Participant: 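Structure in structure tokens, see below.
In listed order, ligands and their atoms are each counted from 1. Being a predicted model, the structure only gives us computed values, none of them experimental.
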Amino acid sequence: MPSSLDAHLRSALDADEGQRRIAEAIRHLCTASVKVRNQIIEGGSNLGEQRGDTNTDGDVQKELDVLADRAFLQAAKDSGFMFFGSEEQEGPVTLDENGDFAIAIDPLDGSSNISTNVSIGTIFSILPVSDANRADPKTVFMQKGANQLAAGFFVYGPQLQLVLTVGDGTHVFLFSPKFGGFVEQTASVTIADKAKEFSVNMSNYRHWDTHIRNYVDDLLAGEEGPRERDFGMRYVGSLVADAYRILQRGGVFLYPSDGRKGYQNGRLRLMYEANPVAMLVEQAGGAATDGTTRILDIEPEGLHVRTPLVFGSKREVERIGRYIADPDALA
Ligand code: P6P
């Protein structure tokens with residue numbers, strides 16, 4: 001019988017009461033993920049239907065967005081954790097004045113893909129609450145990603161998977177209805193150092209800065225240009241799907257800043273997309289930057305701030321930094 005998530009949590013998070021509370025919160029998050037999974041499987045065709053409200057991205061909420069937000073808010077309540085989600089217009093929800101931990105979460109990332117049956121996900125980050133910032137929920141979440149105690153994402157695809165780190169490497173767990181829980185699928189994922197694929201929305205090419213265009217041009221030129229090989233391209237348009245593929249077989253993902261209105265810092269959110277993905281990728285031996293600065297070192301200037309995001313095979317992420325630092329160099 002493969003090792004269970006429970007066994008992993010008991011061995012990785014058992015040093016003190018705080019760690020045990022984080023383990024319990026991860027169990028509650030898993031319970032919420034199974035509710036979302038079951039709704040996707042059984043929920044019929046209205047899951048992608050719009051409800052009329054908009055979230056902070058300006059996206060119209062879908063039925064499943066609201067169900068996921070409620071399910072994960074309940075998980076935070078059951079954990080006694082503060083809660084801040086991408087769907088929250090007003091800001092963080094204080095659930096427990098004396099809470100020691102907080103969850104920043106995108107309850108349903110990629111919901112525009114529901115109607116096309118593409119993998120979607122939930123991305124979460126667990127942060128400490130210090131006495132200094134406990135009084136103001138907003139300051140609780142205004143901390144850099146390096147402070148994360150745990151991070152993960154659920155992938156609602158052909159299988160329900162949990163990609164998780166509690167600072168002890170990145171591990172993949174598979175939901176097994178037969179087993180009635182999550183079983184370990186891959187212990188200690190390692191991202192291949194060399195990238196053979198890149199992942200970017202090429203339709204934004206004309207909006208990128210010169211150095212990003214130069215970098216992508218060289219990828220497209222392959223062996224006929226300055227690069228040592230030809231490259232493949234994969235782009236799902238669902239962050240958890242692209243991130244999971246890169247964790248499994250290497251590659252590099254880019255969502256750069258671009259000239260479009262509202263995209264000067266790219267599209268992805270620092271708090272509940274870039275930071276958790278960056279922790280998972282670094283724990284798997286990869287790298288994650290905004291092009292030049294380590295994502296986990298970025299001090300947030302707002303709760304829903306966006307950041308340019310580059311992550312994946314470490315040598316490729318570093319190469320992009322060299323294109324930006326010296327656009328004329330053939331990095
Ligand atoms: P674009 C999905 O809506 C999402 O937030 C991420 O999951 C994904 O990586 C990105 O947006 C895709 O954005 O502009 O390429 O459609």
Participant: Rounded to the nearest 0.5 Å, how far apart are CG of Asn133 and CE of Met82?
Facilitator: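 Those atoms lie 8.0 Å apart.
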
Participant: Looking at Tyr235, which atoms of ligand 1 are within less than 4.0 Å of one of its heavy atoms?
Facilitator: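 In order of numbering, the contacting atoms are 1 (P), 12 (C), 13 (O), 15 (O).
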
Participant: Please could you name the atoms of ligand 1 that Ser238 approaches to less than 4.0 Å, counting only its heavy atoms?
Facilitator: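 Near Ser238, meaning under 4.0 Å from one of its heavy atoms, ligand 1 has 7 (O).
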
Participant: In terms of side-chain heavy atoms, does Asn265 have a donor or acceptor partner in Ser257 at a distance below 3.5 Å?
Facilitator: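 The criterion, which ignores hydrogens and geometry beyond distance, is not satisfied for Ser257 and Asn265.
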
Participant: Is Arg260 positioned over the aromatic face of Tyr263, cation under 6.0 angstrom from the ring centre and no more than 45 degrees off axis?
Facilitator: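 Relative to the ring axis of Tyr263, which defines the angle, Arg260 lies inside both limits.
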
Participant: Quick check: closest heavy atoms across Tyr272 and Ser86, and the distance to 0.1 Å?
Facilitator: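 For Tyr272 and Ser86, the tightest heavy-atom pair comes out as CE1-CB, 3.3 Å.
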
Participant: May I ask you to check if ligand 1 and Asp109 share an N or O to N or O distance below 3.5 Å?
Facilitator: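 Yes, at least one N or O pair falls under 3.5 Å.
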
Participant: Counting heavy atoms only, which part of Leu239 comes closer than 4.0 Å to ligand 1: side chain, backbone, both or neither?
Facilitator: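 Both backbone and side chain of Leu239 come within 4.0 Å of ligand 1.
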
Participant: Does any N or O of ligand 1 fall below 3.5 Å from an N or O anywhere on Asn204, backbone included?
Facilitator: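 No, since none of the N or O atoms of Asn204 sits under 3.5 Å from an N or O of ligand 1.
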
Participant: In terms of atom number and element, which parts of ligand 1 are under 4.0 angstrom from non-hydrogen atoms of Glu273?
Facilitator: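 Close to Glu273: 5 (O).
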
Participant: Using distance alone, decide if ligand 1 has a nitrogen or oxygen within less than 3.5 Å of any nitrogen or oxygen in Asn201.
Facilitator: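 Indeed, backbone or side chain, Asn201 has an N or O that close.
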
Participant: Look up atom OH in Tyr244 and atom CZ in Arg249, then write down how far apart they are to the nearest 0.5 Å.
Facilitator: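 Here the interatomic distance stands at 11.5 Å.
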
Participant: I need the Leu247 CG to His171 NE2 distance, nearest 0.5 Å.
Facilitator: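 Answer for the CG-NE2 pair, Leu247 versus His171, is 12.0 Å.
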
